[in-house]
Protein chains: 2
Amino acid sequence: MPKSDTHMTMRVVNHIRTLIESGGLQPGDQIPPEREFAQKLRISRASLRTGIGYLAAMGVMDVRHGVGTFVADGPPELGKSSLSLLGALHGFQSWQMFEARRILESELAALAAERGREQHFTSMSEEVAEMYATVNDPIEYLIHDVRFHRVIAQASGNPILAALMETITSALYDERRKTAERSRDLKESADLHREIFRAIRSRNASEARAVMERHLTMAQSAQDLEISAQAPPPNGRPAKKVRRSAGEA
Amino acid sequence: MPKSDTHMTMRVVNHIRTLIESGGLQPGDQIPPEREFAQKLRISRASLRTGIGYLAAMGVMDVRHGVGTFVADGPPELGKSSLSLLGALHGFQSWQMFEARRILESELAALAAERGREQHFTSMSEEVAEMYATVNDPIEYLIHDVRFHRVIAQASGNPILAALMETITSALYDERRKTAERSRDLKESADLHREIFRAIRSRNASEARAVMERHLTMAQSAQDLEISAQAPPPNGRPAKKVRRSAGEA
DNA sequence: TGTGCTACAGAGGTCCGACCACTAGAATAC
DNA sequence: GTATTCTAGTGGTCGGACCTCTGTAGCACA
């Protein structure tokens, strides 16, 4: 990694970081135009762009062509495709993503049960209702599904865990939207979400954890079936170990 | 996020991604020099650099001035300072990082107990021995401490969770190395690590999880004490986040 | 009055070509 | 044999020209 006082990239990153820490730059704020900002920092526009690119890659900045550059808004999330890229590099398996998600979200649910506030419970309740209302519209259903889990993450009171979850789910999303679930699955799914909600609202941490785990385990096996059904192994890589070897208790 | 077929950045990213997925590019491999590679891809060197910067920011590439650009090697990790940056932006608290770490590592320890192999146990044992041997050298001790936890992550068989842990610990590292622990704390710490190791080797998942949780809880309160001791609370500001150093330079 | 199209200003995106800075290894001097 | 210097090759920075995209103000037309 580049040194802070030498490389232009880090100079830009640190400058913006300082602006953020001092409160001079808030989420959603727009930074000055590149030409102007570069002149103010006494560096070339190219270097400024490098630094901004670095921040954008990590989800801290949001660059919009023809409009401007803004401080990222919305739920904290690490680089959008970073996990997916790392996955390609290190050969992540699908079940590993599900496992990671299951662990994170189970704990998130437990924390939400302990720390959630009324406003969170209200949002959860609304999303559950919307899920029931859209069991025949998988696309719309998925939106509320995602939102429900996101509210839980918020209610957990730990934005770091929430960011990690967001990172994993967005990596998982690509595969997920391709396998549109069937309606009857959605009814079951909505029921489970309702159970999760109830456990959280009654502040029963261990049950929230357990139900969430059950939900995600089911979701995984459902998706595994879909995949193996509609796409026979498209093999090609020699060392492709077919998972599930060790420790499935 | 730029579109894949329009933006040069994504063209580069996708090209390299394809090379990695096809096996034509493995961790540690060097990519062609920028001038040459840019010509081969029919794009300008500047655009190529943008794409490489994007990949480097996410920890997929490793750019070394005067040497070359390589595919990242070593343990998978998301952008090195990404969490720290996001933290500055969203006001992450120190206890939240510890909590996230505690949850991740506890589960990691449990998984390691279920799936760890002999080779992992051997490495863990070695690191524990090194820890005992360096209880009087905090700097050296910390190295083995980190390695021990890294072996556990490997032994868990889930590189994604390992990567998340790596991301958190590297964000935590900055604060950590400043508060060099005292020797007698290190002796206790080593004892706890030995306990963790024994639980994992005896494949006792729940105990491994419990001991790891205890270890990290202790580490947290120890560090909290250090901090509050050497930096008296600047009273009166209840919800003010702990400022990071941000470099004196 | 309303609606649709056009022109334009301002922002980011791409390119070029020159030059700077760093690293490792080869060539040289001792 | 060892230490020093030189050098080829690689990434880093620059500035300035030009392209593309977006939102909007203004115009033409119904």
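Side chains are part of it too, since the values below use all heavy atoms of this structure and drop only hydrogens, waters and symmetry mates.
- Relative to the side chain of B:V67, the nucleotides C:dA24, D:dC21, D:dG12 differ in distance, and C:dA24 lies closest.
- Taking only side-chain nitrogens and oxygens, B:T69 never comes nearer than 4.0 Å to OP1 or OP2 of D:dT10.
- Put simply, CG on B:L41 is 15 Å from C1' on C:dC15, counting in whole angstrom units.
- At whole-Å resolution of the value, CE in B:M8 and P in C:dT14 are 6 Å apart.
- Of the residues near DNA chain D, B:P33 and B:A46, the one whose nearest nucleotide (by heavy atom distance) lies more toward the 5' end is B:P33.
- Nearest heavy-atom pair, B:F70 versus B:G28, reported as atom, atom and distance to 0.1 Å: CD2-O, 3.7 Å.
- Of the candidates C:dC15, D:dT20, D:dG12, the closest approach to any side-chain atom of B:E34 belongs to D:dG12.
- The side chain of B:R49 places an N or O atom within less than 4.0 Å of a non-bridging phosphate oxygen (OP1 or OP2) of D:dG12.
- Here the side chain of B:H65 is nearest to one of D:dT13, D:dG12, D:dC21, namely D:dG12.
- In this structure, B:H7 places its NE2 atom 18 Å from P of D:dC19, rounding to the nearest Å.
- Put simply, CD1 on A:I31 is 18 Å from P on C:dG10, counting in whole angstrom units.
- Here D:dG12 presents its C1' atom at 16 Å from OH of A:Y54, a figure rounded to the nearest Å.
- A donor-acceptor pair under 3.5 Å is formed between the side chain of B:T167 and the backbone N or O of B:A163.
- For A:R45, the side-chain atoms get nearest to D:dA17 when compared with the rest of C:dC15, D:dG12, D:dA17.
- The line from CE of A:M97 to CD1 of A:I168 is 8.5 Å long, rounded to the nearest 0.5 Å.
- One finds the OH atom of B:Y141 at 5.0 Å from the NE2 atom of B:H193 (value rounded to the nearest 0.5 Å).
- Here the nucleotide nearest the side chain of A:V63, chosen from C:dG12, C:dT14, D:dG11, is C:dG12.
- Each of B:D145, B:D137, B:V135 was compared with B:L186 under the side-chain contact (heavy atoms from CB on, under 4.5 Å) criterion, and only B:V135 meets it.
- What separates CZ of B:F37 from C1' of D:dG9 is a distance of 18 Å, to the nearest Å.
- In this model, the phosphate group of C:dC15 is approached by a side-chain N or O of B:S47 to a distance below 4.0 Å at OP1 or OP2.
- Interface remark: the A:R35 side chain does not form any donor-acceptor pair with the C:dG10 base, using a distance-only criterion of under 3.5 Å.
- Rounding to whole angstrom units, CD1 of residue A:I43 and P of D:dG16 are separated by 15 Å.
- Rounded to whole Å, the distance from CG on A:L48 to P on C:dG12 is 9 Å.
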